[in-house]
Amino acid sequence: MEMQQIRYFVALAQTLNFTRAAEHCNVSQPALTRAIQQLEHELGGPLFHRERNNTHLSELGRMMMPYLESVAESARAAKAAAASAKKAEHVTLTLGAMCTIGPDLVADLIVRFRAAHPEIEVRVIDGEASMMIDALEKGDIHLSLVGVPDDLPEQFHQLPIFEERFVILLPPGHRLAERNAIRVADLDGEPYVGRSTCEVFKTVARDFAKRHVFPKKVFSSPRDEWVQKMIKAGLGFGFFPESSVTDPDLVVRPLIEPEYSRTVYLATVRGRPHSPAVGAFVREARRHGWPALAV
């Protein structure tokens, strides 16, 4: 059963006139007649009774009518959706964002993008870096904001967006809070409240160890708000990307000797055909006023 046969059947069922149905489908009447006969052969019986000037649906035709109309309507809807997607109309763009990236930065970009492209719905999925990379590879998300110590696999294209430093968070009244900057050596033996989603933890911990600096981890959580609450309560210090700090009551100090920073990238799958919506988002991300812009 071909889509063309279904389209001809629906036109004939609606007009009950071979000439008008052929004109509606922009084909010759013999071509339409042959297609209907082929369809009748496939379905095992006549779909129309042809009685001189009285063409009407047979019992089989009436049974098939709702099914074939549904197929024809679905095909029309699919073509309309494809046309909208091609023009980036009424489509959903799914953006991945590492949970350690400050939501304020992403929110500003999305607001700007939606103002320029109100026809595109934006959906954001956040999670750990490995989750975002896996979702991007599988096609569950269209593009993702990621920042990891090592290079992404070769199948990903990385557009550098911004660079940010890591800072030390302290509770008010902490003995180190009076300093303008915190040296790594100052953290030896200090109680530490850990972010279990920290993508640079292993790298930084190895570097600390080489410098004979060993903080004491007293608490960890995958939720940044829990970690910040525990720091605020006085449990210990925290190590955060600067944009991820959301509690204004915490004391934020730069970490020096050495400094640590990360570059955040907008990642897509290299060589994968992308919709106009993805291209539009990439262009908007390039123009966005990121801090310490790296592009």
- Message: Is the shortest side-chain heavy-atom distance between Leu143 and Leu93 below 4.5 Å?
- Response: yes
- Report the residues that fulfil salt bridge (Lys or Arg N to Asp or Glu O under 4.0 Å) with Glu137, sequence neighbours left out, ordered by chain and then residue number. none
- Task: Taking Ser220 for its side chain and Gly194 for its backbone only, find out whether a donor-acceptor pair lies under 3.5 Å.
- Result: no
- Without swapping roles, check the side chain of Arg270 against the backbone of Glu154 for a donor-acceptor pair under 3.5 Å. yes
- Message: Strictly distance-based, threshold 3.5 Å: is any side-chain N or O of Trp290 a donor or acceptor partner for the main-chain N or O of Ala285?
- Response: yes
- When rounded to the nearest 0.5 angstrom, what is the spacing between CE in Met131 and OG in Ser144? 11.0 Å
- Message: Is there a path of hydrophobic side-chain contacts, each under 4.5 Å between heavy atoms, that joins Val264 and Val167?
- Response: no
- Message: Working note: Arg206 + Thr203, criterion side chain to side chain contact (heavy atoms under 4.5 Å, CB included); need CA distance, chi angles, decisive distance, verdict.
- Response: CA-CA 5 Å; Arg206 285 194 296 265; Thr203 302; 3.7 Å; yes
- Task: Sequence neighbours left out, what passes salt bridge (Lys or Arg N to Asp or Glu O under 4.0 Å) with Lys138? Give chain and number order.
- Result: Asp134
- Item | Contact summary for Gly96 and Ile141, nearest pair of heavy atoms | CA-CD1, 3.9 Å
Please table the atom pairs, donor to acceptor, closer than 3.5 Å between any side-chain atom in residues 8-17 and protein atoms at least two apart or in another chain.
unit_1 : atom_1 : unit_2 : atom_2 : d
Thr15  : OG1    : Ala11  : O      : 3.0
Thr15  : OG1    : Asn17  : N      : 3.3
Thr15  : OG1    : Asn17  : O      : 3.2
Asn17  : OD1    : Thr19  : N      : 3.0
Asn17  : OD1    : Arg20  : N      : 2.9

- Query: Are Arg7 and Cys25 side-chain neighbours, meaning at least one heavy-atom pair lies under 4.5 Å?
  - Reply: yes
- In Å and rounded to the nearest 0.5 Å, what is the NE2 to CG distance from His174 to Leu250? 12.0 Å
- Check: Glu121 main-chain N/O paired with Thr92 side-chain donor or acceptor under 3.5 Å: no
- Query: Excluding sequence neighbours, so at least two apart, what forms side-chain hydrogen bond (donor to acceptor under 3.5 Å, both in side chains) with Arg175?
  - Reply: Glu190
- Between His142 and Thr94, is there a donor-acceptor pair closer than 3.5 Å when you use the side chain of the first and the backbone of the second? yes
- Query: Under 3.5 Å, side chain of Ser261 to main-chain N/O of Arg165, donor-acceptor pair present?
  - Reply: no
- Residue list, salt bridge (Lys or Arg N to Asp or Glu O under 4.0 Å) with Arg262, at least two apart or on another chain: Glu164, Glu199
- Query: Checking Asp188 side chain against Phe214 main chain: does a donor-acceptor pair fall under 3.5 Å?
  - Reply: yes
- Pairs flagged by salt bridge (charged side-chain N to carboxylate O under 4.0 Å, His left out) wherever residues 34-43 is involved - sequence neighbours left out: Glu40-Arg50
- Message: Distance check, rounded to the nearest 0.5 Å: His288 atom NE2 versus Ile161 atom CD1?
- Response: 9.5 Å
- Message: To the closest 0.5 Å, what do you measure between CD1 (Ile133) and CD (Gln155)?
- Response: 9.5 Å
- Task: Looking only at non-hydrogen atoms, find the nearest pair between Gly127 and Met132 and report the distance.
- Result: N-CE, 3.7 Å
- Message: Count I, L, V, M, F, W, Y as connected when their side-chain heavy atoms are under 4.5 Å apart, and connections chain through other members. Are Val252 and Val193 then in the same cluster?
- Response: yes
- Is Lys216 atom NZ crowded by more than 12 heavy atoms from other residues, nucleotides or ligands, each under 6.0 Å away? no
- Item | Pairs flagged by salt bridge (charged side-chain N to carboxylate O under 4.0 Å, His left out) wherever residues 65-75 is involved - sequence neighbours left out | Glu73-Arg76
- Query: Do you know which two heavy atoms are closest between Leu60 and Gly44, and how far apart they sit?
  - Reply: CD2-C, 4.5 Å
- Quick one: CD1 on Ile120 to CD1 on Ile110, what's the gap to the nearest 0.5 Å? 12.5 Å
- Query: Any chain of hydrophobic side-chain contacts (each under 4.5 Å) joining Ile101 to Val111?
  - Reply: no
- Message: Using every non-hydrogen atom in the two residues, find where Ala115 and Pro118 come nearest and quote the distance to one decimal.
- Response: O-CD, 3.9 Å
- Message: Taking side-chain hydrogen bond (donor to acceptor under 3.5 Å, both in side chains) as the definition, give me every residue that meets it alongside Arg123, ordered by chain and number, with sequence neighbours left out.
- Response: none
- Joint hydrophobic cluster, Ile256 plus Leu169, side-chain heavy atoms closer than 4.5 Å: no
- Note on the structure: Nearest heavy-atom approach of Pro171 to Gly236 is CD-O, 3.8 Å
- State, to 0.1 Å, how close Cys99 and Glu128 come at their nearest heavy-atom pair, and which atoms those are. SG-N, 4.0 Å
- Task: Mark yes when over 12 heavy atoms from residues, nucleotides or ligands other than Asn180 sit less than 6.0 Å from its CG; otherwise mark no.
- Result: no
- Task: Compare all side-chain heavy atoms of Val106 with those of Leu145 and state whether any distance is below 4.5 angstrom.
- Result: yes
- Item | Contacts of type salt bridge (Lys or Arg N to Asp or Glu O under 4.0 Å), residue Arg183, not counting sequence neighbours | Asp186
- Other than Phe201, which residues form its hydrophobic cluster under the rule that side-chain heavy atoms must be closer than 4.5 Å? Phe166, Ile168, Leu170, Leu176, Ile182, Val184, Leu187, Tyr192, Val200, Val204, Phe208, Val213, Phe237, Phe239, Val251, Leu255, Tyr260
- Message: Could you measure the distance from the CD1 atom of Ile125 to the CG atom of Leu95? Nearest 0.5 Å is fine.
- Response: 9.0 Å
Expected list for residues 224-235: side-chain donor-acceptor pairs under 3.5 angstrom, two or more places apart:
unit_1 : atom_1 : unit_2 : atom_2 : d
Asp224 : OD1    : Arg195 : NE     : 3.4
Glu225 : OE2    : Arg223 : NE     : 2.9
Glu225 : OE2    : Arg223 : NH2    : 2.8
Gln228 : OE1    : Thr246 : N      : 3.1
Gln228 : OE1    : Thr246 : OG1    : 3.4
Gln228 : OE1    : Asp247 : N      : 3.0
Gln228 : NE2    : Ser244 : O      : 3.2
Gln228 : NE2    : Thr246 : OG1    : 3.3
Lys232 : NZ     : Asp249 : OD2    : 2.8

- Test item: Thr33 side-chain N/O and Gln29 main-chain N/O as donor-acceptor pair under 3.5 Å: yes
- Query: Which is it for Gln5 and Gln38 under the side chain to side chain contact (heavy atoms under 4.5 Å, CB included) test, yes or no, and what are the steps along the way?
  - Reply: CA-CA 8 Å; Gln5 295 171 330; Gln38 291 169 358; 3.3 Å; yes
- Message: Under a 3.5 Å distance rule, please check whether Ser58 uses its side chain to pair with a backbone N or O of Pro46 as donor and acceptor.
- Response: yes
- Could you give all pairs that pass the side chain to side chain donor-acceptor pair (under 3.5 Å) test and reach residues 107-117, with sequence neighbours left out? Arg112-Glu284
- Message: Please determine whether side chain to side chain contact (heavy atoms under 4.5 Å, CB included) holds for the pair Leu159 and Tyr265, giving the CA-CA distance in whole Å, both sets of side-chain angles, and the decisive distance to 0.1 Å.
- Response: CA-CA 5 Å; Leu159 173 67; Tyr265 298 90; 6.0 Å; no
- Query: According to a 4.5 Å side-chain heavy-atom criterion applied to Ile, Leu, Val, Met, Phe, Trp and Tyr, with indirect links allowed, do Val27 and Leu68 form part of one hydrophobic cluster?
  - Reply: yes
